[in-house]
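Report on the following structure.
Numbered from 1 within each chain, the chains take letters A, B, ... in sequence-line order. Worth knowing before you read on, the calculation uses all heavy atoms, side chains too, and leaves out hydrogens, waters and symmetry mates.
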Protein chains: 2
Amino acid sequence: MALQLSVDRSSPVPLYFQVAGQLEQAINDGVLAPGERVPNEMVLADELGVSRPTMRQALQTLVDKGMLVRKRGVGTQVVKAQIRRPVELTSLNDDLVRTGRDPSTQVLSIKRATVDAAEAAELRIKPGDEVWRVERLRLIGEQPLALMANVIPCSVLDLSNVDLTARGLYETLRAAGIHVRVAHQEIGCRRADAREARLLSERRGSPLLTMRRTAYDDAGNAVELGEHAYRPALYSFEVTLVDR
Amino acid sequence: MALQLSVDRSSPVPLYFQVAGQLEQAINDGVLAPGERVPNEMVLADELGVSRPTMRQALQTLVDKGMLVRKRGVGTQVVKAQIRRPVELTSLNDDLVRTGRDPSTQVLSIKRATVDAAEAAELRIKPGDEVWRVERLRLIGEQPLALMANVIPCSVLDLSNVDLTARGLYETLRAAGIHVRVAHQEIGCRRADAREARLLSERRGSPLLTMRRTAYDDAGNAVELGEHAYRPALYSFEVTLVDR
DNA sequence: TAGTGGTCTAGACCACAAT
DNA sequence: TTGTGGTCTAGACCACTAC
């Protein structure tokens with residue numbers, strides 16, 4: 001099967017995005033084999049009837065995803081990698097639904113409280129301001145997967161009438177018009193304490209994979225802190241790094 | 001102090017890179033405060049005497065680093081975050097040297113061997129091909145930090161006369177003309193076994209933070225596998241995610 | 001309505017790698 | 001020498017936001 005690309009100029013989807021999507025699918029379908037060289041920018045741009053900068057933008061998105069590698073004077077090649085699903089800026093909920101498992105959520109507690117000093121600094125709000133504290137347990141079928149503690153300033157969102165079992169935190173934020181654009185995460189590990197062990201069906205002292213996150217909206221404001229603890233047999237993080 | 005930008009057109013450093021670096025420094029120095037709005041693209045481009053696409057490219061690099069957030073119809077703002085050092089595509093060695101600590105390396109073993117089936121699939125080489133197996137212990141002062149096992153195809157590099165105590169693996173690869181451009185990492189955790197515990201001054205069964213990595217060069221070829229185990233009290237991973 | 005970033009074009013010159 | 005991607009320009013039109 002030969003590489004066959006086309007664009008729909010009446011579509012509201014940007015041209016570079018259409019092209020990037022088709023190239024990505026061609027790679028995933030094996031039409032573009034690992035290690036294979038992609039035609040050069042001018043040829044691709046001509047075939048599709050788009051300009052070279054537009055074609056470059058399409059290729060760059062795949063380079064950023066770690067699927068293509070480019071080298072001046074040489075060309076563009078498909079990375080010889082196994083297929084992977086990258087970590088994206090979505091909630092754990094989205095991740096699990098997409099992978100076709102059977103996730104559910106228990107809300108252990110949700111309450112208004114006063115922010116502590118460290119949290120206030122991280123969220124850049126005033127000490128003493130009110131925040132929501134949420135604690136949830138994530139399950140796959142009957143198996144506990146993660147214990148998630150989150151802090152959201154009350155000024156960001158009213159959680160008093162929100163059902164977090166029905167949809168994830170990020171989906172709830174989106175529904176309230178809050179778009180999370182940047183997140184800083186710190187990944188580590190430690191031993192489970194007695195309470196964590198009980199909730200996660202682990203033994204006290206078992207290793208847990210931990211993630212601390214600060215999330216920012218499209219105005220640059222910190223909107224959420226998260227401290228999650230995962231059972232390492234059921235979850236890990238995948239990260240793709242690209243040198244530009 | 002006002003924002004003051006300039007470019008040197010005689011420099012070989014790309015204009016967008018010069019501008020991005022100055023903006024980054026302005027943010028780190030507090031000249032551009034968190035939450036502050038940056039002048040719009042046309043104004044910045046005019047002040048510097050560069051075109052709008054060039055200015056956009058500079059701004060985009062900072063968006064990708066999670067330092068700026070842009071919103072159509074609104075403008076560009078500095079993210080209200082604490083200062084962080086991002087995970088980059090460098091070796092642990094580079095990381096530690098840069099943070100001013102006193103790192104050293106012990107090479108526990110280095111030998112030629114035959115690749116196993118799983119490794120051959122991941123590296124996309126033939127089963128039975130020869131590889132280098134390296135095991136190293138990373139220390140901070142007297143304290144063990146990480147146990148690192150790496151596999152490199154013999155076709156990539158000859159390690160028989162290389163001193164890995166003097167410089168890191170990635171530096172050695174660079175010196176051999178191999179440029180690592182993409183890496184896929186999986187981060188998890190597990191218990192230390194008896195040997196790991198002894199080498200890392202931990203107890204058997206203690207939690208270790210683990211990282212499995214496959215690295216690719218600028219032709220898309222897999223050039224290295226890594227399985228590292230870190231002491232969680234001394235090391236964690238930071239990741240910045242950006243929604244585009 | 002005014003101003004912002006998002007997209008797109010049609011060129012140009014350059015640095016680098018392969019031959 | 002040829003071909004590649006890297007950089008840069010000077011415009012254009014559009015979608016979205018705030019007023």
Side-chain angles (χ1 to χ4, degrees), chain A residues 7-21 23 36-64 68-79 177-179 181-182 217-221 242-244, chain B residues 7-21 23 36-64 68-79 177-179 181-182 217-221 242-244:
Chain A
V7 292
D8 173 7
R9 300 194 87 97
S10 69
S11 163
V13 177
L15 294 180
Y16 77 90
F17 198 87
Q18 293 183 38
V19 178
L23 285 170
E36 190 174 341
R37 257 192 56 188
V38 173
N40 75 46
E41 294 174 348
M42 265 93 77
V43 169
L44 286 172
D46 272 356
E47 281 181 7
L48 282 161
V50 302
S51 68
R52 186 184 165 208
T54 300
M55 194 65 227
R56 276 181 69 76
Q57 196 176 359
L59 293 167
Q60 188 58 45
T61 64
L62 297 190
V63 171
D64 291 342
L68 293 179
V69 178
R70 323 192 72 189
K71 201 175 175 187
R72 179 160 42 180
V74 179
T76 302
Q77 288 170 289
V78 180
V79 169
I178 296 157
H179 186 184
R181 287 285 288 277
V182 180
D217 69 6
D218 47 20
N221 300 301
V242 179
D243 189 12
R244 317 190 186 195
Chain B
V7 291
D8 173 7
R9 300 195 86 99
S10 69
S11 162
V13 177
L15 295 180
Y16 78 90
F17 198 87
Q18 294 183 38
V19 178
L23 284 171
E36 190 175 341
R37 258 193 55 190
V38 173
N40 75 46
E41 294 174 348
M42 265 92 78
V43 169
L44 286 171
D46 272 356
E47 280 180 8
L48 283 161
V50 302
S51 68
R52 187 185 162 205
T54 300
M55 195 63 227
R56 276 182 69 76
Q57 196 175 359
L59 292 167
Q60 188 58 45
T61 63
L62 297 190
V63 172
D64 291 342
L68 292 180
V69 179
R70 324 192 71 187
K71 202 176 176 187
R72 176 159 44 177
V74 179
T76 302
Q77 288 170 288
V78 180
V79 169
I178 296 156
H179 186 184
R181 286 286 285 279
V182 181
D217 69 6
D218 47 20
N221 299 302
V242 180
D243 187 13
R244 315 193 185 194

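The nucleotide whose nearest atom lies closest to any side-chain atom of B:R72 is, among D:dT7, D:dA15, D:dT4, D:dA15. Of the candidate nucleotides C:dG5, C:dT9, D:dG3, C:dT9 has the atom nearest to the side chain of A:P53. Of all nucleotides listed (D:dG5, D:dT9, C:dT9), D:dT9 comes nearest to the side chain of B:R9.
Nucleotides of DNA chain C nearest to A:V74 and A:T54 differ in position, and the one nearer the 5' end is that of A:T54. Between A:P14 and A:G73, the residue anchored closer to the 5' end of DNA chain C is A:P14, taking for each the nucleotide with the nearest heavy atom. Sequence order on DNA chain D of the closest nucleotides to B:R52 and B:M55 puts B:M55 first from the 5' end.
As a whole-Å value, the separation of A:D46 CG from C:dA10 P is 11 Å. Regarding B:L68, its CG atom lies at a distance of 15 Å from the C1' atom of C:dT4, rounded to whole Å. Here the C1' atom of nucleotide D:dG6 and the CD atom of B:Q57 are 9 Å apart, to the nearest Å. The distance from atom CG of B:L59 to atom P of C:dT4 is 13 Å, rounded to the nearest whole Å. One atom, CG of B:N40, and another, C1' of C:dG6, lie 14 Å apart when rounded to the nearest Å. Atom pair B:M42:CE and D:dC13:P shows a separation of 14 Å (rounding to whole Å applied). Rounded to a whole Å, the NE2 atom of A:H179 is 12 Å from the P atom of C:dG6. A straight line from CD of A:E41 to P of C:dG11 spans 16 Å, rounded to a whole angstrom.
Going from atom CG of B:D243 over to atom CG of A:D217 covers 12.0 Å, rounded to the nearest 0.5 Å. Between atom CG of residue A:L23 and atom CG of residue A:L68 there is a gap of 7.0 Å, rounded to the nearest 0.5 Å. Between the NZ atom in B:K71 and the CD atom in B:Q77 there is a gap of 8.5 Å [rounded to 0.5 Å].
Of all heavy-atom pairs spanning A:Q18 and A:V13, the tightest one is NE2-O, 2.9 Å.
Nucleic acid contact class of A:L15 (heavy atoms, under 4.0 Å, all strands): sugar-phosphate only.
At the phosphate of D:dC8, neither OP1 nor OP2 sits under 4.0 Å from any side-chain N or O atom of B:Y16. At the phosphate of D:dG6, OP1 or OP2 sits under 4.0 Å from a side-chain N or O atom of A:R70. OP1 and OP2 of D:dT4 both lie 4.0 Å or more from every side-chain N or O belonging to A:T76. Taking only side-chain nitrogens and oxygens, A:R56 never comes nearer than 4.0 Å to OP1 or OP2 of D:dT4.
For the pair B:T76 and B:V69, the minimum side-chain heavy-atom distance is 4.5 Å or more.
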